2 protein chains.
Amino acid sequence: MNDTKLRILDAAERLFAQQGFDVSIRAITDEAGVNLAAVNYHFQSKEALLDAIIARRIEPVNKRRLEMLDAIEARTGDRPLPLEAVLEAFLAPVLEAPFEHFKPLIGRMYSVPEEFIKRVFHVHLAPIVVRFDAAFARALPDLPESERIWRLYFSIGAMVHVMNWSRVLRPISNGVLDPSDTRALMRRMVAFAAAGFRAPVVENQPVHRGTN
Amino acid sequence: MNDTKLRILDAAERLFAQQGFDVSIRAITDEAGVNLAAVNYHFQSKEALLDAIIARRIEPVNKRRLEMLDAIEARTGDRPLPLEAVLEAFLAPVLEAPFEHFKPLIGRMYSVPEEFIKRVFHVHLAPIVVRFDAAFARALPDLPESERIWRLYFSIGAMVHVMNWSRVLRPISNGVLDPSDTRALMRRMVAFAAAGFRAPVVENQPVHRGTN
DNA sequence: ATATGATTGAAACGATTGTATGAATGATAC
DNA sequence: GTATCATTCATACAATCGTTTCAATCATAT
């Protein structure tokens with residue numbers, strides 16, 4: 001790939017992750033050390049640049065997620081899929097992605113349902129969600145569909161929230177939370193989500209209010 | 001309160017919830033049917049207006065959360081706090097808030113850790129989190145502190161994510177998810193988070209990869 | 001009725017935004 | 001070496017931004 005084009009991608013990714021998606025093109029080209037017009041030359045517009053940045057990082061992560069899921073299904077045969085393994089296939093490639101600014105970048109992306117993000121969702125996210133929902137159905141055949149999808153979204157929410165606050169979790173928790181240990185974080189999240197997925201389905205009655 | 005000031009608050013809240021925080025002051029004053037200069041007259045700046053909008057909605061919700069927690073503690077005495085009830089006190093006032101644009105508004109707010117949102121966090125959110133963390137500690141006395149705080153953040157993430165995507169959850173789930181039934185949603189989330197809180201603490205070893 | 005202070009109004013400010021233009025420079029093929 | 005195409009450059013454009021100014025209008029108290 002062209003050198004300036006790469007420099008723009010890297011600089012824009014860095015600034016988007018640090019300051020949000022409303023960084024000016026001038027700030028990007030300054031950071032990249034290239035001319036102002038280079039963005040509209042190599043990409044058509046600022047929005048297309050953003051698409052390219054997201055795609056560059058999401059694609060390999062999604063590829064890894066599907067690879068891990070394929071491996072699980074291959075070695076499981078016709079038996080129910082192991083829930084923790086499916087969760088790991090869904091979470092680990094994201095939480096442990098080797099891209100420096102991936103967490104805040106994706107965290108911001110997930111949380112701003114503007115027009116452009118709906119497009120990103122349909123292109124990059126929806127196929128993954130559909131594929132994994134089928135896997136969760138195979139892991140929990142007795143769980144009703146709506147309950148299963150709700151719990152998948154709860155799990156995604158936990159993941160996104162940690163990505164979003166990864167830079168501030170340590171200070172605001174007085175150092176108790178350490179998001180840099182991605183392996184331990186992944187195990188914690190898998191344990192939490194797996195238990196949530198296996199929770200008894202709530203009936204149409206008030207929640208328990210008595211003793212523990 | 002002054003009429004124009006109220007109209008600005010309502011219009012800005014509506015537009016912020018619908019379009020995000022980068023709505024122009026002109027769009028707000030047009031929507032409110034007031035003069036452009038009214039925003040900088042009644043509030044000092046656009047940022048102060050945003051503070052006022054957030055505070056107006058968060059304060060009564062937090063008040064309700066603490067009331068419910070107080071009631072739980074009062075009727076529990078020295079015994080361990082009932083986990084589901086504490087979760088309900090934390091989640092219900094948010095999920096069932098009677099403000100029309102509350103969900104997308106708070107959803108956006110939680111997910112944009114800009115400078116202003118750090119201030120909002122310290123003013124409105126941190127005291128609540130500290131208070132409820134103590135309650136969760138009383139509900140789960142054997143759960144290590146770091147694990148407890150992680151799981152609280154996972155639960156907050158599930159809540160925020162649903163708030164953030166409340167307007168699109170139904171279409172992208174083909175109508176399976178219905179966020180408008182806040183009572184049922186609250187029960188589902190309590191069941192999910194409670195099970196997550198009670199999950200066995202993960203050891204320092206790879207997650208289970210074998211059969212289910 | 002008149003004075004006083006609060007509020008509203010129209011207009012303009014300087015700064016910044018994304019994008020477009022056309023000349024200058026670069027590299028590559030013949 | 002020269003022609004051809006891709007790339008870079010400085011500059012300008014029109015639009016929009018948050019904020020300020022100051023006169024006009026309103027409400028209220030005396």
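So you know, we letter chains A, B, ... as the sequences are listed, proteins then strands, and number each from 1. In this text the structure is predicted, and so the values were computed from the model without any measurement.
Note that the first and last nucleotides of DNA chain C, 5' to 3', having any atom under 4.0 angstrom from a heavy atom of chain B are C:dA6 to C:dA12.
A salt bridge links A:D10 and A:R56; the closest N-O separation between the charged side-chain nitrogens and carboxylate oxygens is under 4.0 Å. For A:E84 and A:R198, the salt-bridge test passes: some basic side-chain N is under 4.0 Å from an acidic carboxylate O. Using a cut-off of 4.0 Å between Lys/Arg side-chain N and Asp/Glu carboxylate O, A:E59 and A:K63 are scored as not salt-bridged.
Between B:E47 atom CD and D:dC17 atom P the separation is 17 Å, expressed in whole Å. The separation between A:K5 atom NZ and D:dA6 atom P is 14 Å, rounded to whole Å. Rounding to whole angstrom units, NZ of residue B:K46 and C1' of D:dC17 are separated by 8 Å.
Looking at residues two or more places apart in sequence or on another chain, you find no ring-ring contact (aromatic ring centres under 6.0 Å, His included) involving B:F43. Partners of A:D178 according to the salt bridge (charged side-chain N to carboxylate O under 4.0 Å, His left out) rule, which considers only residues two or more places apart in sequence or in another chain, are A:R170. By the salt bridge (charged side-chain N to carboxylate O under 4.0 Å, His left out) test, A:E73 is found to be paired with A:R131, residues two or more places apart in sequence or in another chain being considered.
For D:dA6, neither phosphate oxygen OP1 nor OP2 lies less than 4.0 angstrom from any side-chain nitrogen or oxygen of A:H42.
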Ignoring hydrogens and angles, write down the donor-acceptor pairs under 3.5 Å from the side chains of residues 94-106 of chain B, residues two or more places apart or on other chains.
from	atom 1	to	atom 2	distance (Å)
B:E96	OE1	B:R183	NH1	3.2
B:E96	OE2	B:R183	NH1	2.6
B:K103	NZ	B:P179	O	3.2

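For residues 24-40 of chain A, proximity to DNA chain D is found at A:R26, A:N35, A:L36, A:A37, defined as any non-hydrogen atom under 4.0 angstrom from a strand atom.
For the pair B:R148 and B:F197, the NZ or CZ position fails the cation-pi test of under 6.0 Å to the six-membered ring centre and within 45 degrees of the ring normal.
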